[in-house]
Amino acid sequence: MRHRLHSKDLSYDEILGLLDRATGFLKTVRGRERLNLAEGKILATLFYEPSTRTRFSFETAMLRLGGHVISNADMGATSSAKKGESLFDTAKMVSTFADVIAMRHPVAGSVAEFSTGSSVPVANAGDGAGDHPSQGLLDLFTVQQEKGTLDGLTWVMVGDLKNSRVVHSQCTYLAHFKGNKFVFVSPEALKMPAEIVESLRAQGFEVKETEDLESVMGEADVLSDTRIQEERFASPEEFKKYFGVYVLTPALMAKAKKDMIVIDPLPRVNHIDPAVDNDPRAKYFAQAEYGVAMRMAILAELLGL
Ligand code: NCD
């Protein structure tokens, strides 16, 4: 059975296939229409960690495909997990009810563990600091739509690169494309994991690391922004050291290329000045629409539609 657990499981052709399929679904999303492709099918969303966009986005995608949704947004507190039920047993149960499952969990690897008990396809909607395969795909889709290509771009990734599952997913996918350059901007303690940096370099990509965002703003074709991931820190004191370390402001935007774009999975905490929102290069709200189309593509593929 096919699951969507890890960004690394997708081939170049499969990524292109999903991007194509998502392009086809954009009209449905923008027109707020409903197809009948997934008629009679049920998506279960199981979230053990907070979410606004990802859960609603998967659910909207399923509804626009013509399917149905059952949902628990607070699995850790209100499901039988609270009574000690294993992920395996929960998966056995939920896959009796639903035809496809989207799941988020605070522990890396737990969505894969869950999938071993599931008799239906499982999509990873974020597992701890590990991976966020659907977000990475919607980010690529946003860039493809807005920049017209996924090759030959300089990606400046800034923020908590150690703990952001989103930038990890982006790097995995981007390694399939040609001629991209990577500039990783973070405090020393929150650097991109060494295995990602080494893997990109081993594949021939140019990778630069710095703590200074301002000095590299002018290089970016894509600024991939992400918040400091508070919930991944050992203590509030540790987190406070980094809160507010990078704030995207109009002054910084003035140093960037005219056709650069800013993407960010959100939520915004304090790391983007709201004065940047009206800059036409800011795509972080527009991304939500691309996300629904991409998740329609992911669900359609998982359901074999
Ligand atoms: C991201 C996540 O949950 O990893 N958000 C999202 O899915 N839209 C990024 C984040 O929480 O910072």
Side-chain angles (χ1 to χ4, degrees), residues 4-7 22 29 43 45-62 71 73-76 101-112 122-143 155 157-173 184-187 190 192-193 196 222-233 239 242-248 262-272 276-277 282-296 298-299:
R4 279 283 149 258
L5 300 175
H6 309 290
S7 303
V29 176
L43 163 72
T45 54
L46 274 58
F47 277 57
Y48 294 76
E49 213 186 42
S51 168
T52 299
R53 275 151 291 275
T54 304
R55 190 170 61 89
F56 283 154
S57 174
F58 264 112
E59 294 177 356
T60 304
M62 189 59 173
S71 181
D74 198 4
M75 283 294 287
I101 296 170
M103 176 183 162
R104 168 173 288 189
H105 197 283
V107 179
S110 51
V111 183
V122 176
N124 180 358
D127 63 329
D131 206 348
H132 197 344
S134 67
Q135 180 71 43
L137 282 169
L138 86 85
D139 294 336
L140 256 63
F141 185 43
T142 302
V143 173
W155 284 65
M157 299 188 184
V158 58
D160 185 349
L161 305 184
K162 177 182 175 207
N163 295 305
S164 165
R165 53 198 176 196
V166 174
V167 293
H168 303 167
S169 175
Q170 289 170 356
C171 289
T172 305
Y173 293 134
F184 297 144
V185 186
S186 72
L190 303 179
M192 186 67 86
I196 295 182
V222 178
L223 182 72
S224 174
D225 201 10
T226 188
R227 77 187 162 98
I228 306 297
Q229 307 277 306
E230 179 171 6
E231 64 275 37
R232 312 283 176 232
F233 283 78
F239 162 68
Y242 302 106
F243 186 67
V245 67
Y246 300 113
V247 180
L248 189 60
V262 183
I263 60 171
D264 189 312
L266 304 178
R268 161 162 47 199
V269 190
N270 67 333
H271 65 290
I272 305 174
V276 175
D277 295 359
K283 301 297 178 194
Y284 37 87
F285 290 123
Q287 268 175 272
E289 203 170 58
Y290 294 124
V292 176
M294 177 48 78
R295 291 188 172 111
M296 288 174 79
I298 292 168
L299 290 172

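When a ligand or atom number is given, it counts from 1 through the structure's own listing order.
Scanning for ring pair (Phe, Tyr, Trp, His ring centres under 6.0 Å) contacts around Tyr48 gives His105, with sequence neighbours left out.
A donor and an acceptor atom, one from each side chain of Arg55 and Thr45, are nowhere located under 3.5 Å apart.
With salt bridges taken as basic N to acidic carboxylate O contacts below 4.0 Å, none links Glu231 and Arg165.
For the pair Glu230 and Val269, the minimum side-chain heavy-atom distance is 4.5 Å or more.
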Between ligand 1 and the protein, which N/O pairs fall short of 3.5 Å?
from	atom 1	to	atom 2	distance (Å)
ligand 1	3 (O)	Arg104	NH1	3.4
ligand 1	3 (O)	Arg104	NH2	3.2
ligand 1	3 (O)	Arg165	NH2	2.9
ligand 1	4 (O)	Arg165	NE	2.7
ligand 1	4 (O)	Arg165	NH2	3.4
ligand 1	5 (N)	Leu266	O	3.0
ligand 1	7 (O)	Thr54	OG1	2.8
ligand 1	7 (O)	Arg104	NH2	3.1
ligand 1	7 (O)	His132	NE2	2.7
ligand 1	8 (N)	Pro265	O	3.0
ligand 1	8 (N)	Leu266	O	3.4
ligand 1	11 (O)	Arg227	NE	3.3
ligand 1	11 (O)	Arg227	NH2	2.9
ligand 1	12 (O)	Arg227	NE	2.7
ligand 1	12 (O)	Gln229	NE2	2.9

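A cation-pi arrangement, defined by a distance under 6.0 Å to the six-membered ring centre and an angle within 45 degrees of its axis, is present between Arg295 and Phe58.
Smallest separation of non-hydrogen atoms from Tyr242 and Leu190: CG-CD1, 3.7 Å.
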